[in-house]
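Here is the structure we will look at.
The first residue of the sequence shown is numbered 1, and numbering continues consecutively from there. When a ligand or atom number is given, it counts from 1 through the structure's own listing order. Only heavy atoms go into these numbers, but all of them, side chains included; no hydrogens, no water, no symmetry mates.
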Amino acid sequence: MRNDGTVTLTVPAKAEFVDIIRLTLYGIAAKMKFSFEEIEDMKVAVSEACNNAVLHAYDHSQPGQIEVSFTIMNEDRLQIAVSDSGVSFEQVTDRTTSTLHGKSIDEIQSGGLGLYLMQALMDEVEIRSNQGTSVILTKRRLAQETV
Ligand SMILES: Nc1ncnc2c1ncn2[C@@H]1O[C@H](COP(=O)(O)OP(=O)(O)OP(=O)(O)O)[C@@H](O)[C@H]1O
Ligand SMILES: [Mg+2]
């Protein structure tokens with residue numbers, strides 16, 4: 001797949017910085033001509049991934065950082081990787097790579113709605129856990145209507 005450009009943001013893993021990530025997402029997705037609805041769906045999914053990094057990755061006395069990279073692929077596909085270098089994702093500690101596809105909601109959930117929402121709102125959700133966690137969210141723009 002062709003990479004048409006990547007924008008990367010690094011912010012403190014604190015709730016008040018998630019807005020900056022949402023604004024950047026909006027800017028990139030609007031430029032790519034995603035619909036308003038598609039952008040809203042991505043905003044919810046990306047916010048959930050960021051909130052997880054804020055809440056679950058780091059010890060609250062020593063917050064770390066969240067790195068979010070937005071990669072435009074083949075002009076119509078946006079891949080958003082939300083990474084932290086905190087404690088590893090507990091469901092995938094025995095593997096370096098895991099995909100949520102093909103797994104039941106029960107298997108991927110430990111009580112929360114975040115992963116469920118990400119999976120419902122995006123085309124692909126992949127979790128990589130090595131030193132920290134990366135959640136890789138992908139959405140493809142529907143074909144533009146020709147006016
Ligand atoms: N970045 C992360 N680092 C470490 N663990 C994580 C991370 N993201 C998710 N998890 C683990 O996966 C679980 C499920 O995440 P999910 O977002 O589905 O639910 P939640 O955050 O517990 O609740 P909710 O999102 O509904 O507030 C979390 O409870 C946490 O244990
Ligand atoms: Mg969550």
Side-chain angles (χ1 to χ4, degrees), residues 1-32 34-74 76-142:
M1 206 166 295
R2 196 180 67 231
N3 179 333
D4 290 321
T6 301
V7 175
T8 304
L9 273 181
T10 304
V11 301
K14 293 182 180 172
E16 61 263 39
F17 288 90
V18 177
D19 265 0
I20 295 174
I21 293 162
R22 272 197 291 264
L23 283 168
T24 307
L25 167 65
Y26 177 83
I28 293 168
K31 213 177 173 68
M32 289 177 73
F34 274 96
S35 71
F36 180 74
E37 210 172 77
E38 289 167 331
I39 295 174
E40 287 302 307
D41 287 352
M42 286 192 282
K43 272 160 90 173
V44 173
V46 169
S47 301
E48 288 296 331
C50 292
N51 289 341
N52 280 348
V54 170
L55 293 172
H56 306 301
Y58 300 108
D59 181 336
H60 290 284
S61 58
Q62 272 190 322
Q65 296 198 299
I66 310 176
E67 184 186 284
V68 184
S69 66
F70 301 90
T71 303
I72 301 164
M73 288 167 155
N74 290 4
D76 66 349
R77 195 184 294 258
L78 183 56
Q79 184 188 77
I80 306 140
V82 179
S83 307
D84 63 63
S85 44
V87 295
S88 285
F89 200 92
E90 56 192 47
Q91 278 98 351
V92 290
T93 44
D94 55 335
R95 294 166 61 170
T96 50
T97 300
S98 173
T99 173
L100 295 176
H101 282 290
K103 291 189 181 172
S104 72
I105 294 298
D106 289 348
E107 282 177 284
I108 60 161
Q109 253 185 300
S110 65
L113 271 182
L115 284 170
Y116 172 82
L117 276 173
M118 289 181 232
Q119 211 184 20
L121 297 172
M122 302 296 290
D123 293 334
E124 283 171 40
V125 179
E126 192 190 332
I127 294 169
R128 293 185 193 156
S129 188
N130 189 11
Q131 302 203 322
T133 302
S134 290
V135 177
I136 298 148
L137 306 164
T138 309
K139 197 172 187 74
R140 193 176 165 198
R141 187 193 65 203
L142 290 178

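Within 6.0 Å of CD in Q131 there are 12 or fewer heavy atoms belonging to other residues, nucleotides or ligands.
Side-chain atoms of N52 and M118, non-hydrogen and from C-beta on, do get closer than 4.5 Å to each other. A heavy-atom distance below 4.5 Å is not found between the side chains of Q79 and E126.
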Pairs under 3.5 angstrom only: tabulate donor-acceptor contacts from the side chains of residues 39-50 to other protein residues two or more places apart or in another chain.
residue : atom : partner : partner atom : Å
E40     : OE2  : K43     : NZ           : 3.3
S47     : OG   : R22     : NH1          : 2.8
S47     : OG   : K43     : O            : 2.6

What pairs of donor and acceptor atoms, side-chain ones from residues 61-74 against any protein atom, are under 3.5 angstrom apart with sequence neighbours left out?
residue : atom : partner : partner atom : Å
S61     : OG   : D59     : OD1          : 3.0
T71     : OG1  : T6      : OG1          : 3.2
N74     : OD1  : R2      : N            : 2.8

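Residue E48 approaches ligand 1 through these ligand atoms, each under 4.0 Å from one of its heavy atoms: 25 (O).
If you look at D84 next to ligand 1, the close heavy atoms, those under 4.0 Å, all belong to the side chain.
An N or O contact shorter than 3.5 Å links G114 to ligand 1 by distance. The shortest N or O to N or O distance between Y116 and ligand 1 is not below 3.5 Å.
Here N51 does not reach the Mg ion (ligand 2): none of its N/O/S atoms is less than 2.8 Å from the metal.
Of the listed options N52, L113, V87, L117, N52 places a heavy atom closest to atom 17 (O) of ligand 1.
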